[in-house]
Amino acid sequence: MSSWIGAVILPLSGLLLSLPAGADVKARSCGEVRQAYGAKGFSLADIPYQEIAGEHLRICPQEYTCCTTEMEDKLSQQSKLEFENLVEETSHFVRTTFVSRHKKFDEFFRELLENAEKSLNDMFVRTYGMLYMQNSEVFQDLFTELKRYYTGGNVNLEEMLNDFWARLLERMFQLINPQYHFSEDYLECVSKYTDQLKPFGDVPRKLKIQVTRAFIAARTFVQGLTVGREVANRVSKVSPTPGCIRALMKMLYCPYCRGLPSVRPCNNYCLNVMKGCLANQADLDTEWNLFIDAMLLVAERLEGPFNIESVMDPIDVKISEAIMNMQENSMQVSAKVFQGCGQPKPAPALRSARSAPENFNTRFRPYNPEERPTTAAGTSLDRLVTDIKEKLKLSKKVWSALPYTICKDESVTAGTSNEEECWNGHSKARYLPEIMNDGLTNQINNPEVDVDITRPDTFIRQQIMALRVMTNKLKNAYNGNDVNFQDTSDESSGSGSGSGCMDDVCPTEFEFVTTEAPAVDPDRREVDSSAAQLGYSLLSASLICIVLVLQRLCR
């Protein structure tokens, strides 16, 4: 009798031992899973009505399950798509910050220059007609080169400004000496004496410092916004590794396979998965933060001594002052030029009858404030830069914060207050492993994601290098120095050489500083008093001078 009982018990015990550990003898319904699975848009034909043996599963626990092989594959792909969308949505703020602020700053600066040129051109064409048109190219060329420099063109600011003053000297020299005829070769000789004679006083040197610093800062700043925009756009589009995809599936949808579709992942569990999947992005953070700091420094310059508005607004007064200096020293300047370039040939009798003093009996006046157009782009540079600075500060540490931001999302995790009733990767219980630190090298012992710390992501390393190069340019711009500039914007026109300063060293003539703001010149009263207005009347007084003189010559 006992042998018969033993013969029956042994097969039964073998059957019990063959069941998956922890499995109920009676298969549970998959109704809740079917409902959640269908809500995702999947066909219910893939899902069983009751749990089945899970030996076929490759990612989720191989216990009794509601998942078929097809379901696991589809949910794995779904977890990948959701992760990509989560990263893109979480980085939306930083991306839109750089996109919108780049657009606004670029629009402001271009409109500032275009309005300044258009305002002057319209006024003088309307008032003086052909007299202005015959002499406007000197100033139009100045605007053209400034705009070309700003958009990344190969323009040496120092040489371009020197050329402007040399050309202006040639025109003015002819006006103060109407009794002579000057050949092109003679005028070229005259221009060579610009630095030696200083016919315009100290104005060209001071303006060169101010204009150069302002344009270097503005161009570099908008290029920084371009680089930030491009890096943010690229990094926000992630391509998860196979190890990451497995971890995402296990975290997000293995609860479905276990018949627990409403149970969300534990917060700390989510953090380890995200830190493993976004390890390379976190490594971007150090260089990104240095880049943001450099952008903020240049922004301070734009608000202060390198403010393009405060430089451009009084430029008409400054150039008027320069021309008055030439008028007052005309005899000495002419004598030295005649001595160096030779005695010029007399002009025809009609022209020589007019004397220099008759040509220069008109004093200059700047435009009145009420004559200035409204500010470009409906704002001022100070307000615009202040807004950009606030947004930049909020974007610091954005890449290392991605895992925390994602795992705070109520649609992703159970939250920190529900640590006992959450999915820990195996069951509904507390997650025990410690949270990994940020970055690739710290993922060597990540319990959730298989990360190869010996192979950094090449694409992320390229973005780190782009940020490092841009940060160096911003530091140079902060110090007032131009650098060789390879434009990274698809919208721009190439590369520019700037003034060719190397290793933060520039000619002493520029009086560049390294950390402190440039000293304000004693005669900057006009700058301070009109700094809140835009420079739409650029070069107006000098044009008035030339046109009035030409009017007299043509009488």
Side-chain angles (χ1 to χ4, degrees), residues 30-49 51-92 233-266 269-281 402-403 405-407 409-414 422-428 443 446-452 455 457-460:
C30 292
E32 189 179 353
V33 177
R34 287 176 62 86
Q35 184 177 356
Y37 188 72
K40 292 287 181 181
F42 296 118
S43 171
L44 294 180
D46 297 330
I47 185 169
Y49 286 92
E51 290 182 328
I52 59 175
E55 291 87 352
H56 57 278
L57 298 178
R58 292 173 305 209
I59 299 175
C60 297
Q62 292 183 335
E63 302 172 357
Y64 266 94
T65 181
C66 286
C67 284
T68 61
T69 299
E70 292 77 17
M71 285 179 64
E72 191 178 41
D73 289 343
K74 289 180 179 179
L75 290 173
S76 179
Q77 181 64 23
Q78 180 69 16
S79 65
K80 173 180 179 293
L81 293 174
E82 289 183 9
F83 169 70
E84 291 170 349
N85 290 334
L86 279 170
V87 174
E88 195 160 354
E89 290 170 8
T90 306
S91 60
H92 177 76
N233 282 336
R234 290 166 181 165
V235 175
S236 64
K237 291 177 171 53
V238 294
S239 298
T241 63
C244 172
I245 295 172
R246 287 179 60 86
L248 290 168
M249 168 61 193
K250 186 178 177 183
M251 180 183 84
L252 295 174
Y253 286 112
C254 282
Y256 279 53
C257 296
R258 292 288 291 126
L260 304 169
S262 61
V263 178
R264 302 195 186 285
C266 301
Y269 174 34
C270 173
L271 284 175
N272 274 343
V273 172
M274 292 301 158
K275 288 195 175 198
C277 287
L278 297 170
N280 284 283
Q281 282 76 5
L402 274 180
T405 307
I406 291 173
C407 293
D409 193 328
E410 295 179 354
S411 66
V412 178
T413 68
C422 56
W423 175 253
N424 65 8
H426 302 281
S427 61
K428 185 170 72 171
Q443 307 312 310
N446 191 309
E448 309 305 335
V449 187
D450 182 16
V451 181
D452 185 353
R455 299 182 64 182
D457 187 285
T458 303
F459 180 74
I460 296 295

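Nothing fancy with the numbering, it's 1 onward along the sequence.
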With a 4.5 Å heavy-atom cut-off, do R264 and V412 have their side chains touching? no
Residue pair C254, H426: steps toward the side chain to side chain contact (heavy atoms under 4.5 Å, CB included) verdict: CA-CA 8 Å; C254 282; H426 302 281; over 6 Å; no
Would you sort out whether F83 and C244 count as a side chain to side chain contact (heavy atoms under 4.5 Å, CB included), showing the intermediate values? CA-CA 10 Å; F83 169 70; C244 172; 4.3 Å; yes
Give every residue pair that meets the side-chain hydrogen bond (donor to acceptor under 3.5 Å, both in side chains) criterion with at least one member in residues 245-256, sequence neighbours excluded. K40-Y253, E82-Y253
Any heavy-atom pair between the side chains of Y64 and I52 that's under 4.5 Å? no
So do D73 and T69 actually touch side chain to side chain, heavy atoms under 4.5 Å? yes
Give the minimum heavy-atom separation between P61 and G425, together with the two atoms involved. CG-O, 4.3 Å
With a 4.5 Å limit on heavy-atom distance, are the side chains of M71 and F42 in contact? no
Within the side chain of T65, is there an N or O that forms a donor-acceptor pair under 3.5 Å with the backbone of C257? yes
Is the shortest distance from a Lys or Arg side-chain nitrogen in E70 or K74 to a carboxylate oxygen in the other one below 4.0 Å? no
Quick check: are the SG atoms of C270 and C407 less than 2.5 Å apart? yes
Check side-chain hydrogen bond (donor to acceptor under 3.5 Å, both in side chains) between N233 and all other residues, then give those that pass, not counting sequence neighbours. none
Can you sort out the partners of E72 under side-chain hydrogen bond (donor to acceptor under 3.5 Å, both in side chains), two or more places apart, ordered by chain and number? none
Would you say H92 has more than 12 foreign heavy atoms packed within less than 6.0 Å of its NE2? no
Derivation and outcome, side chain to side chain contact (heavy atoms under 4.5 Å, CB included), residues M274 and L402: CA-CA 8 Å; M274 292 301 158; L402 274 180; over 6 Å; no
Side-chain contact test, heavy atoms from C-beta onward, threshold under 4.5 Å: evaluate it for N272 versus V449 and give yes or no. no
Any sub-3.5 Å donor-acceptor pair from Q62's side-chain atoms to L57's backbone N or O? yes
Does Y49 OH have over 12 foreign heavy atoms under 6.0 Å away? no
Just checking D452: does its CG atom have more than 12 heavy atoms from other residues, nucleotides or ligands closer to it than 6.0 angstrom? yes
Donor-acceptor under 3.5 Å (N280 side chain, D457 main chain): yes
Criterion disulfide (SG to SG under 2.5 Å) on C60 and C67, from CA distance to verdict: CA-CA 9 Å; C60 297; C67 284; 5.8 Å; no
Apply the test side chain to side chain contact (heavy atoms under 4.5 Å, CB included) to residues L278 and I406: give CA-CA distance (whole Å), side-chain angles for both, the deciding distance (0.1 Å), then the verdict. CA-CA 11 Å; L278 297 170; I406 291 173; 4.2 Å; yes
K237 bridged to E88 by N-O distance under 4.0 Å: yes
Under the side chain to side chain donor-acceptor pair (under 3.5 Å) test against K80, which residue among Q78, Q77, E84 passes? E84
With distance as the sole test, does R258 use its side chain to make a donor-acceptor pair with the main-chain N or O of S427 at under 3.5 Å? no
Do L44 and I47 have side chains that approach each other closer than 4.5 Å (heavy atoms only, starting at C-beta)? yes
L248 versus C277: any side-chain heavy-atom pair under 4.5 Å? yes
All heavy atoms of M249 vs all of S76, minimum pair found to be SD-N, 3.5 Å
Are the side chains of T413 and C422 in touch, meaning some heavy atoms are under 4.5 Å apart? no
What closest approach, in Å, do Q281 and V238 show between heavy atoms, and which atom pair accounts for it? NE2-CG1, 3.3 Å
Heavy-atom count around Q35 CD within 6.0 Å, excluding the residue itself: above 12? no
What are the two closest non-hydrogen atoms of A247 and E448, and how far apart are they? CB-O, 3.3 Å
